[in-house]
Amino acid sequence: MAGFEFLLNELDEHGVLTLTLNRADCLNAFNDEMSFELQKALKDAEKNADVRSIVLTGAGRGFSAGQDLRSRSVAANGATPHLGDSIRERYSPIISKLRSMEKPVLASINGVAAGAGASLAFACDLRIANSSAKFIQAFVKVGLIPDSAACWLLPRLVGFGRAMELALLGDVISADTALQWGLVNQVVPDDQLTVATQQLAQQLAQGPTQAIGLIKRAMNKAMSVDLDTYLAYEANLQEIAGRTHDYQEGVSAFLEKRPAQFAGR
Ligand code: LHQ
């Protein structure tokens, strides 16, 4: 595994890769280096057949406070910053990769997720949070629009009305409200987050990895095409899934009344 300065990466024997944003002193706010390191880690994970699920989490008491507002590249103190370039080069590739990579990504939200830090969690496939977690669409508080795809992801996660509420007010949303709204899949007591995350990540890592990848592809497509186009696309994907070793294994296991042992191929 590549060594990084602001990102911890650990691949365990179950095929679970844990990526930990590691700037705890500023609640894992993103500097340039951390965004490039995360881009590289996700690309590597995509190519590495040993990686069968990915956990994204934060060091210390926060998940991520979004953009590091002290960073020179986004400075608003007199100079005109080029935020478009900043987003294109640093955040968009991360969000795009999280949605397109054909492996399951689980956000383990261990504390506050604000601004682009919240968007990062929303772009993952599943979200598990501890009770101390909170979500803030902080952008409007600093005079920006929700970025890193928040305006694309939020209406799909919680509906248009709640997405507008989050974006326009920038209020703090507690873990319990996030669960009620469907913004997270599960909330657990603070001291159980690590164990619950590992359980879920291992379940995903033991799944039929190719089918899971195809499920992501299907869901992504379904969000932007009409029903007939989707049905044609779906048939093609199922054709691919039906040729995998894991499909053979899944059916055999069912007929033999035993748990399936998926190999991820
Ligand atoms: C921070 C940050 C931070 C630096 C906490 N930066 N230090 C994309 C691309 C291009 C341009 C711009 O934007 C974007 C997207 C974005 O993400 S914009 C939104 C950026 N994020 C925010 O506006 C959130 C700012 N942070 C906060 O509002 C609070 O820190 C929250 C509510 C997250 C947490 O509050 P507390 O739990 O009370 O912690 P704290 O405020 O005391 O923060 C702890 C430390 O972390 C503190 O440093 P210090 O040296 O005083 O201990 C903060 O300055 C630092 N920190 N967020 N984004």
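Predicted model only: the values in this text are computed from it and were never measured. Start at 1 and go down the list; that is how both ligands and their atoms are numbered.
Each of Asn130, Ile109, Val187 was evaluated against Leu193; a single residue qualifies, Asn130, per the side-chain contact (heavy atoms from CB on, under 4.5 Å) test.
Listed by atom number, the atoms of ligand 1 under 4.0 Å from Asp25 heavy atoms are 45 (C), 46 (O). Within ligand 1, the atoms closer than 4.0 Å to a non-hydrogen atom of Leu144 are 12 (C), 13 (O), numbered from 1 in the order shown. For ligand 1, the atoms sitting less than 4.0 Å from at least one non-hydrogen atom of Ile136 are 32 (C), numbered in the order shown with element in parentheses.
Protein heavy atoms are found less than 4.0 angstrom from atom 18 (S) of ligand 1. By the definition of a contact as any protein heavy atom under 4.0 Å away, atom 41 (O) of ligand 1 is not in contact. Closer than 4.0 Å to atom 38 (O) of ligand 1 lies none of the heavy atoms of the protein. For atom 52 (O) of ligand 1, the nearest protein heavy atom is 4.0 Å or more away. Closer than 4.0 Å to atom 23 (O) of ligand 1 lies at least one heavy atom of the protein. Distances from atom 27 (C) of ligand 1 to the protein include no heavy-atom value under 4.0 Å. Distance check for atom 45 (C) of ligand 1: a protein heavy atom is found below 4.0 Å.
Electrostatic pairing of Arg99 and Asp125 counts as a salt bridge here, judged by a charged N lying under 4.0 Å from a carboxylate O. The existence of a salt bridge linking Arg90 and Glu33 is excluded, since no basic side-chain nitrogen approaches an acidic carboxylate oxygen closer than 4.0 Å. Ionic pairing of Lys103 and Glu46 is not present here: no N-O contact between side-chain nitrogen and carboxylate oxygen is shorter than 4.0 angstrom.
Under the salt bridge (charged side-chain N to carboxylate O under 4.0 Å, His left out) criterion, Arg23 pairs with Asp68, sequence neighbours left out.
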Take Ile54 and Leu19, measure what side chain to side chain contact (heavy atoms under 4.5 Å, CB included) needs, and give me the verdict at the end. CA-CA 7 Å; Ile54 296 149; Leu19 299 175; 4.0 Å; yes
Check the pair Gln198, Asp12 against side chain to side chain contact (heavy atoms under 4.5 Å, CB included), reporting the backbone distance first and the verdict last. CA-CA 10 Å; Gln198 282 311 309; Asp12 73 11; 3.6 Å; yes
Would you check, one step at a time, whether the test side chain to side chain contact (heavy atoms under 4.5 Å, CB included) holds for Trp181 with Glu165? CA-CA 12 Å; Trp181 286 16; Glu165 182 180 337; 3.7 Å; yes
What's the verdict on side chain to side chain contact (heavy atoms under 4.5 Å, CB included) for Ile145 and Cys151, showing C-alpha distance, side-chain angles and the deciding distance? CA-CA 9 Å; Ile145 68 160; Cys151 290; 5.6 Å; no
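Of all the listed residues (Ala65, Gly66, Gly62, Gly170), Ala65 holds the heavy atom that lies closest to atom 21 (N) of ligand 1. Nearest to atom 3 (C) of ligand 1 by heavy-atom distance, out of Arg61, His82, Gln67, is Gln67.
Annotation: atom 33 (C) of ligand 1 to nearest protein heavy atom, Val112 CG2, 3.9 Å. In this structure, the protein non-hydrogen atom closest to atom 29 (C) of ligand 1 is Leu27 CD1, 4.8 Å. Among all protein heavy atoms, the one lying closest to atom 15 (C) of ligand 1 is Asp147 OD2, 3.2 Å. Atom 9 (C) of ligand 1 has Tyr91 CE1, 3.5 Å as its closest protein atom, hydrogens excluded (heavy atom only). The shortest contact between atom 4 (C) of ligand 1 and any protein heavy atom is with Asp68 OD1, 3.2 Å. Closest to atom 56 (N) of ligand 1 among all protein heavy atoms lies Cys26 O, 3.9 Å.
Between the SG atom in Cys26 and the CG atom in Asn31 there is a gap of 7.5 Å [rounded to 0.5 Å].
Checked by distance only, ligand 1 and Leu69 come closer than 3.5 Å through their nitrogen or oxygen atoms. Inclusion of Ala116 in the set of residues having an N or O under 3.5 Å from an N or O of ligand 1 is warranted.
A heavy-atom distance below 4.5 Å is not found between the side chains of Lys97 and Gln39. Looking at Thr18 and Asn9, their side chains never come closer than 4.5 Å, going by heavy atoms from C-beta outward.
In this structure, Lys141 falls outside the shell of residues with a heavy atom less than 4.0 angstrom from ligand 1.
Taking the centre of each ring, Phe30 and Phe6 stay at or above the 6.0 Å mark.
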